Amino acid sequence: MFTLGIETSCDETSIGIIKDNRVLANIVSSQIAHTRFGGVVPELAARNHIKILLPLMNLALESAKVGLNKIELISATRGPGLLGSLLTGLSFAKSLAIGLSKPFIGVNHLEGHIYGLFFNKEIPEYPYLVLIVSGGHTELIFVETEFKYRTLGRTLDDACGEAFDKVAKMLGLPYPGGPYIEKMAKEGDAKKIRFPVPRPGRFNFSYAGLKTAVLYYLKDHRDYNINDVAASFQESALEHLIQVSKKAIEYTGVENFGVVGGVSVNNRLKEKFQKLAHAMGFKLFIPEAQFCTDNGAMIALAGLRRYKRFGPSDISVDAVAREPLELISKN
Ligand code: KG4
Ligand code: ZN
């Protein structure tokens with residue numbers, strides 16, 4: 001089944017085209033307009049999505065070598081995310097579905113990230129745990145079986161990617177800062193500065209304290225070494241993910257564990273989780289980089305799976321700023 005996936009929950013506009021679970025095109029346009037503001041400006045994001053959606057879709061169709069008339073299902077992110085941004089993609093998708101007389105499905109963005117795992121050759125077996133680490137989310141989800149989710153823990157303040165972005169900003173690095181921190185960290189010594197590893201308890205996460213510790217360090221050390229700060233911060237931020245995940249894997253006894261979302265592109269994160277997988281004996285799943293960060297293909301696949309099980313969404317489906325995965329378990 002040819003499925004078109006539309007992702008506009010934040011500052012990335014993306015269109016993916018899949019046939020069953022084979023990716024024919026996955027094109028992402030990252031908005032550079034936010035760089036000079038050091039973060040996403042919601043109004044600007046929505047305006048840019050509107051401008052780029054149609055040409056991007058045409059580019060994706062061309063690259064997939066598929067005519068619009070071949071598309072059999074239209075899937076779009078309905079939330080969580082920035083409302084203005086979500087509404088642009090959702091309205092575009094609905095208009096397309098009505099115009100082409102094809103079914104439409106609204107997808108939860110977090111469920112989309114989880115389906116990023118399903119483009120791999122080997123896919124996780126149920127039940128599994130998945131850690132979603134992105135700019136907007138840090139959540140640990142127990143997936144009992146397909147579409148049946150239980151959130152074990154989430155961040156109490158900043159998301160992990162958000163902390164990377166904010167620390168990068170303090171260091172004068174461009175937005176989004178995650179990739180720049182990783183690059184700087186490569187030349188630094190992670191043991192030079194002892195930033196605290198957060199311990200908020202249970203399976204929750206917290207990045208506000210670590211972020212503040214970096215801020216104070218920079219204030220107290222005007223001649224700081226940017227590489228050492230990046231490396232030491234990155235190590236504590238990732239160690240936090242490892243410690244909470246380890247507890248949750250022990251608690252649930254799962255044999256399969258996935259990491260998805262923008263931060264899972266980070267090579268040090270991969271190294272640390274591979275080491276943990278080896279020590280604990282679980283199977284680790286991390287998507288290929290293009291399916292880790294926000295992309296249309298993951299939304300297409302999540303939409304297709306949900307459509308096959310539950311049928312299309314009502315065309316009146318609205319955008320939602322927040323939506324825990326538990327709430328969509330039954331559709
Ligand atoms: O999943 P994503 O594209 O968008 C959201 O749903 O938020 O994730 C974007 C986040 C940003 O915070 C970005 O800085 C972070 O992922 N990120 C990274 C790396 N690449 C992207 N963080 C750490 N290391 C990276 N290499
Ligand atoms: Zn995302």
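These numbers come from a predicted model, not from an experiment. Whatever order the structure lists ligands and atoms in, that order sets their numbers, starting from 1.
Numbered from 1 in the order shown, with element, the atoms of ligand 1 that lie under 4.0 Å from a heavy atom of H113 read 1 (O), 6 (O). Within ligand 1, the atoms closer than 4.0 Å to a non-hydrogen atom of H109 are 6 (O), numbered from 1 in the order shown. Close contacts between ligand 1 and G136 involve ligand atoms 7 (O) [criterion: under 4.0 Å to a heavy atom]. Heavy-atom proximity to F164, at under 4.0 Å, picks out these atoms of ligand 1: 23 (C).
Ionic pairing of E122 and K283 is present here: one or more N-O contacts between side-chain nitrogen and carboxylate oxygen are shorter than 4.0 angstrom. In this structure, K102 does not pair ionically with E72, as no charged nitrogen and carboxylate oxygen lie closer than 4.0 Å. Salt-bridge annotation for R305 and E146: present, with a side-chain N of the basic residue lying under 4.0 Å from a carboxylate O of the acidic one. Salt-bridge annotation for K275 and E271: absent, with no side-chain N of the basic residue lying under 4.0 Å from a carboxylate O of the acidic one. At a threshold of 4.0 Å, the pair R306-E111 counts as salt-bridged, since one of the basic side-chain nitrogens sits closer than that to a carboxylate oxygen. In this structure, D158 pairs ionically with K166, as a charged nitrogen and a carboxylate oxygen lie closer than 4.0 Å. Remark: K211 does not engage E162 in a salt bridge, criterion side-chain N to carboxylate O under 4.0 Å. Using a 4.0 Å cut-off between charged side-chain N and carboxylate O, K247 and E250 make no salt bridge.
Ring centers of F273 and F257: under 6.0 Å apart, within the cut-off. Remark: aromatic rings of F310 and F147 are close, center separation under 6.0 Å. Under the 6.0 Å cut-off for aromatic ring centres, F291 and F118 do not qualify, their centroids lying 6.0 Å or more apart.
In terms of protein heavy-atom proximity, atom 26 (N) of ligand 1 is nearest to E182 OE1, 2.8 Å. Looking at atom 24 (N) of ligand 1, its nearest protein heavy atom turns out to be N266 ND2, 3.0 Å. Here the heavy atom of the protein found nearest to atom 12 (O) of ligand 1 is D165 OD2, 2.8 Å. Atom 21 (C) of ligand 1 has its closest protein heavy atom at G262 O, 3.4 Å. Nearest protein heavy-atom contact of atom 6 (O) of ligand 1 is D294 OD1, 3.1 Å.
Distances from atom 15 (C) of ligand 1 to the heavy atoms of V263, L269, I132, I181 show the closest one on V263. Nearest residue to atom 10 (C) of ligand 1 from C292, G161, G135, G178 is G135 (criterion: closest heavy atom).
Checking only distances, G261 never comes within under 3.5 Å of ligand 1, N or O to N or O. Checked against a 3.5 angstrom limit, the closest N/O atoms of T293 and ligand 1 fall outside it.
Classified by interplanar angle (parallel below 30°, tilted 30° to 60°, perpendicular above 60°), the ring pair H137/H109 is tilted.
Within the structure, ligand 1 lacks C10 among the residues with a heavy atom less than 4.0 angstrom away.
Inspection of the environment of the Zn ion (ligand 2) yields the following protein N, O or S atoms under 2.8 Å: H109 NE2, H113 NE2, D294 OD1.
Applying the side-chain contact (heavy atoms from CB on, under 4.5 Å) test between Y128 and each of I123, T145, T252, L117 identifies L117 as the sole match.
For H137, no heavy-atom contact with ligand 1 is shorter than 4.0 Å.
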